[in-house]
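What follows is one structure encoded as structure tokens, with my remarks underneath.
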Amino acid sequence: MADKYERIMELAKRRGFIWPSAEIYGGVRGFIDFGPLGTVLKHNIEEKWRRFFIHRHSDFIVEIETPIIMPAKVFEASGHLKHFTDYIVECTSCHRKFRADHLVASSTDIVEVESLSIEDLNRIIKDREVRCPECGGILDEVKTFNLLFKTTIGPYSENVGYSRPEAAQGMFLAFKRVYESMRSKLPLGIAQIGRVMRNEISPRQGPIRLREFTIMEIELFFDPEQSSCPLFDNVKNISLSIIPEDKVRKGLLKPISITAKKAVEEGYIVNEWQAYFMVLGKIFMESLGIPSEMQIFIDKPREERAHYSAQTFDQVVKLERWGYVEVAGYSYRTDYDLSRHMKFSGVNLRVYRQLDKKILKEKVTVKPNMKILGPKFKSKVRELLTSLNYESLASELLSKGFVEVAGYKLSKDDFIISREKLEVGGIHFLPHVVEPSFGSDRVTYTVLEYAFHEKDGRIILKLPRDIAPIQVSVFPLVSKDGLPELATKIYRLLLEAGLRVEYDESGSIGRRYVRADEIGVPIAVTVDYDSLRDGSVTLRDRDTWRQVRIKISDLKERLLKYFEGSLCFEELGTPFKGR
RNA sequence: GCGGCGGUCGUCUAGCCUGGACUAGGACACAGGCCUUCCGAGUCUGUGACCCGGGUUCAAAUCCCGGCCGCCGCACCA
């Protein structure tokens with residue numbers, strides 16, 4: 001028997017949810033198409049995410065759209081050009097491959113491998129005689145894999161660009177604009193749903209590991225001095241299943257259940273915003289049909305975290321074939337990204353906070369004393385001054401009494417240092433960022449898997465009613481005697497009510513129920529001979545097969561309420577038993 | 001990327017070892033007709049496949065090579 005993944009993918013291909021891209025050319029690993037039903041399902045999930053994460057916070061979380069391609073500089077600043085690269089080294093005799101930096105760390109006393117270049121790694125491997133840990137063989141030259149997709153911007157252009165591996169950078173670059181257009185207030189959330197690309201070495205898990213996929217992200221900017229989340233009270237007593245970092249390290253993968261409040265108090269979760277989004281993420285996944293006991297939050301140990309992260313929880317859900325798979329990540333990115341972009345762009349990205357009362361502050365200004373420096377360095381002086389680090393100049397001069405620049409030692413006598421007492425009304429600082437980030441495609445597949453049920457050899461896709469791609473099927477009991485005409489009228493009526501409806505008169509009524517169940521249509525409307533006489537129709541519930549009778553005139557209003565969630569199936573009409 | 005196994009209608013499969021009557025067979029699905037009064041009914045008709053490229057051969061779904069894709073193991077998955 002094929003496993004659940006295969007049975008789901010069979011359905012997905014046959015009924016038009018998802019299939020491999022470029023199939024007629026044999027397909028390409030890591031790329032998938034969404035078919036007619038899959039596209040609607042995915043959009044519905046994304047729309048629900050918007051309601052959950054953006055709409056209910058519209059006073060401080062806003063959505064934007066930024067490009068997929070950005071110039072190289074952006075990814076230099078973000079650290080992706082450096083850190084999104086893996087150094088791989090292959091054993092020349094057994095042909096096993098290893099992460100060169102990991103290998104150097106484990107076979108030498110070198111701990112700080114992060115900053116090593118490819119040349120460094122090659123040299124260390126040669127000098128320290130690092131061998132293959134499996135067979136002792138000689139290692140080949142180190143090779144790099146950068147997972148960014150590279151391109152050029154403009155034809156015949158030398159202007160290198162990369163496609164983004166996360167939507168986040170666009171939000172950091174736009175931070176100043178959004179902050180100002182949102183009246184310069186914190187906390188501020190910037191959200192984005194969009195495509196990202198990662199040139200994965202060997203993606204193999206269908207819709208789970210893709211080279212191009214959709215991400216749903218929020219960068220929540222807050223004042224690190226005022227890190228409490230005003231909405232935290234609403235969620236503080238909700239429990240999360242988490243595996244803390246020290247347990248992950250020891251390989252103890254048994255989660256503990258802890259309330260959000262306690263998790264923050266006891267230091268498992270670094271701040272309230274992080275915890276708030278984690279709770280929201282849990283409830284979001286639950287609302288998509290993934291029970292909370294199938295969800296775990298795993299604290300990623302330092303060495304496995306991305307370069308920008310001070311804490312990352314992976315939200316994982318249990319899948320049949322692959323075990324626990326990450327559907328969302330919650331990262332505390334501190335001020336890493338803003339500080340990097342500030343440094344690389346030269347634009348001040350700090351925000352201002354007014355203090356309750358003015359404080360007296362000593363302001364130290366340092367100016368180069370050109371009367372001394374001019375004669376001393378003559379034509380070199382300009383170059384010297386531009387390469388000074390003005391950020392740390394004052395503190396260095398005051399503590400050490402000198403600074404070194406371009407091989408010259410400049411003493412504090414080369415500068416004019418003045419101190420003045422100032423009354424300041426506020427402080428400038430870089431906001432910190434907490435980032436919840438969902439993989440839309442993974443969530444969509446997960447939803448399919450949890451909705452997938454089989455009963456007597458028929459498939460029933462028990463999708464939550466608010467995300468089902470088709471909400472209502474309309475059938476004439478038989479396709480004659482005016483029944484199709486009335487059914488078509490009802491079909492039009494419901495379409496105009498804004499529902500996603502389908503009409504089907506082929507084959508027998510049972511066959512049509514089967515077809516509708518398979519794609520997860522929650523409600524079937526059947527028009528019969530009584531409908532012609534008394535204007536009533538049968539509604540049939542996908543999951544229970546229960547039926548109720550309802551007047552056509554009530555249909556639109558009650559179905560809308562049902563899909564809104566304010567009526568349950570039994571409340572739609574009076575119980576009915578077919579003949 | 002490496003190694004192993006595999007790839008035939010939408011799906012599942014027969015055929016491959018032993019090359020030729022394969023115009024590639026079946027079942028289910030799908031489309032149209034007839035029929036059909038609430039859960040895969042019946043019936044008639046129809047659409048529809050040898051992953052791609054090269055080689056061997058008089059002849060390739062079948063043998064050989066390469067590529068692509070899938071599965072498994074290794075590696076990778078900031």
Side-chain angles (χ1 to χ4, degrees), chain A residues 1-3 5-7 9-16 19-31 75 78-91 94-99 101-103 114 134 140 143 145-148 165-166 198-206 208-211 300 303-309 312 314 321-322 325-326 329 331 455-460 475-481 483 505-518 524-532 537-540 542 545-547 549 576-579:
Chain A
M1 183 75 174
D3 73 4
Y5 168 72
E6 283 176 72
R7 283 176 283 143
M9 288 310 286
E10 188 272 310
L11 172 77
K13 282 193 257 185
R14 190 161 49 75
R15 296 306 307 269
W19 56 71
S21 290
E23 228 182 343
I24 63 167
Y25 288 107
V28 212
R29 267 197 266 192
F31 294 92
F75 299 105
S78 72
H80 284 94
L81 269 175
K82 184 162 177 196
H83 297 283
F84 215 51
T85 300
D86 287 337
Y87 297 107
I88 303 289
V89 66
E90 186 177 345
C91 169
C94 72
H95 297 289
R96 269 182 260 255
K97 296 202 170 185
F98 309 94
R99 281 280 294 269
D101 49 348
H102 289 183
L103 194 58
E114 272 285 273
E134 291 295 322
D140 204 352
K143 293 189 182 105
F145 287 108
N146 189 286
L147 301 189
L148 295 174
E166 54 170 8
R198 299 178 186 183
N199 207 353
E200 298 284 355
I201 295 164
S202 176
R204 258 191 199 177
Q205 297 153 349
I208 298 304
R209 222 170 123 212
L210 295 170
R211 288 190 164 119
K300 293 190 102 172
E303 57 275 17
E304 286 176 32
R305 289 199 296 261
H307 58 277
Y308 50 68
S309 170
T312 295
D314 279 354
R321 179 181 284 214
W322 298 292
V325 167
E326 178 190 352
S331 290
K455 183 177 168 189
D456 307 327
R458 4 196 313 190
I459 295 169
I460 302 163
F475 308 136
L477 188 58
V478 291
S479 47
K480 61 177 185 190
D481 301 331
L483 266 47
E505 61 165 70
S506 89
S508 65
I509 185 71
R511 182 82 210 92
R512 291 177 230 149
Y513 284 146
V514 172
R515 270 196 291 256
D517 286 347
E518 207 172 55
V525 177
T526 302
V527 174
D528 60 17
Y529 287 96
D530 288 341
S531 311
L532 297 176
V537 289
T538 305
L539 300 185
R540 172 231 188 224
R542 175 194 67 200
W545 290 19
R546 276 204 279 259
Q547 306 196 102
R549 200 75 186 173
F576 172 77
K577 181 83 193 103
R579 285 183 227 176

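All chains are named by letter (A, B, ...) in the order of the sequence lines, taking the proteins before the strands, and each is independently numbered beginning at 1. Every heavy atom of this structure was used, including side-chain atoms; hydrogens, water molecules and symmetry mates were not.
At the heavy-atom level, A:F475 lies nowhere under 4.0 Å from the strands shown.
For B:G53 and B:C2, the C1' atoms lie 24 Å apart once the distance is rounded to whole Å. Taking atom P on both B:G46 and B:G25, the two are 14 Å apart, rounded to the nearest angstrom. Rounded to whole Å, the separation between the C1' atoms of B:A59 and B:G19 comes to 8 Å. Nucleotides B:A14 and B:C38 have their P atoms positioned 40 Å apart, rounded to a whole Å.
A donor and an acceptor atom sit less than 3.5 Å apart, one in the side chain of A:R458 and one in the base of B:C39. For B:C76, the base has no donor-acceptor partner in the side chain of A:S202 [N/O atoms by modelled type, under 3.5 angstrom]. You'll find a donor-acceptor pair under 3.5 Å spanning the side chain of A:R204 and the base of B:G73, going by distance alone.
Nearer the 5' end of RNA chain B, as judged by each residue's closest nucleotide, is the contact made by A:E23, out of A:E23 and A:R546. Residue order along RNA chain B, read from the 5' end via each residue's closest nucleotide, puts A:P203 first among A:R305 and A:P203.
Relative ring orientation between A:F75 and A:H80 is described as perpendicular, the plane-to-plane angle rising above 60° on a 0-90° scale split at 30° and 60°.
Within the shown strands, B:G4 is the pairing partner of B:C71 under the Watson-Crick or G-U definition, both distances less than 3.5 Å. In this structure, B:U37 forms no base pair with any nucleotide, since neither Watson-Crick nor G-U wobble geometry is met with both distances under 3.5 Å. Partner assigned to B:A14 is none, using Watson-Crick or G-U wobble distances below 3.5 angstrom.
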Protein-to-nucleotide contact annotation, 5' to 3' order, nucleotides 31-36 of chain B [B base; S sugar-phosphate only; - none; under 4.0 Å, heavy atom]: -----B
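Comparing atom distances between the A:Y5 side chain and each of B:G10, B:C77, B:C71 picks out B:C71 as nearest. Checked against B:C38, B:C77, B:U11, the side chain of A:R209 finds its nearest nucleotide in B:C77. Out of B:C76, B:A29, B:C38, the shortest distance to the side chain of A:F576 is found at B:C38. When each of B:A29, B:C71, B:C39 is scored by its nearest atom to the side-chain atoms of A:Y513, the top-ranked nucleotide is B:C39. Residue A:R549 places its side chain closer to B:C38 than to any other of B:C38, B:A75, B:C77. Candidate nucleotides B:U37, B:C39, B:C71 were compared by shortest atom distance to the side chain of A:Y529, and B:U37 ranks first.
Rounded to a whole Å, the CD atom of A:E518 is 18 Å from the P atom of B:C39.
Here the two rings, on A:Y5 and A:W322, have centers that are under 6.0 Å apart.
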Could you walk me through whether A:E200 and A:R29 pass the salt bridge (charged side-chain N to carboxylate O under 4.0 Å, His left out) test, one step at a time? CA-CA 10 Å; A:E200 298 284 355; A:R29 267 197 266 192; over 6 Å; no
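Under the salt bridge (charged side-chain N to carboxylate O under 4.0 Å, His left out) test applied with A:D517, the options A:R511, A:R540, A:R512 reduce to a single match, A:R540.
Of the possible polar contacts, none joining the A:N199 side chain to the A:N146 backbone as a donor-acceptor pair under 3.5 Å is found.
For A:T538, the side-chain contact (heavy atoms from CB on, under 4.5 Å) partners at least two apart in sequence or on another chain are A:T526, A:D528, A:Q547, A:R549, A:F576.
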Dump every N/O contact between nucleotides 67-69 of chain B and the protein below 3.5 Å, one line per pair.
residue	atom	partner	partner atom	Å
B:C68	O2'	A:G27	O	3.4
B:C69	OP1	A:R29	N	3.2
B:C69	O4'	A:G26	O	3.1

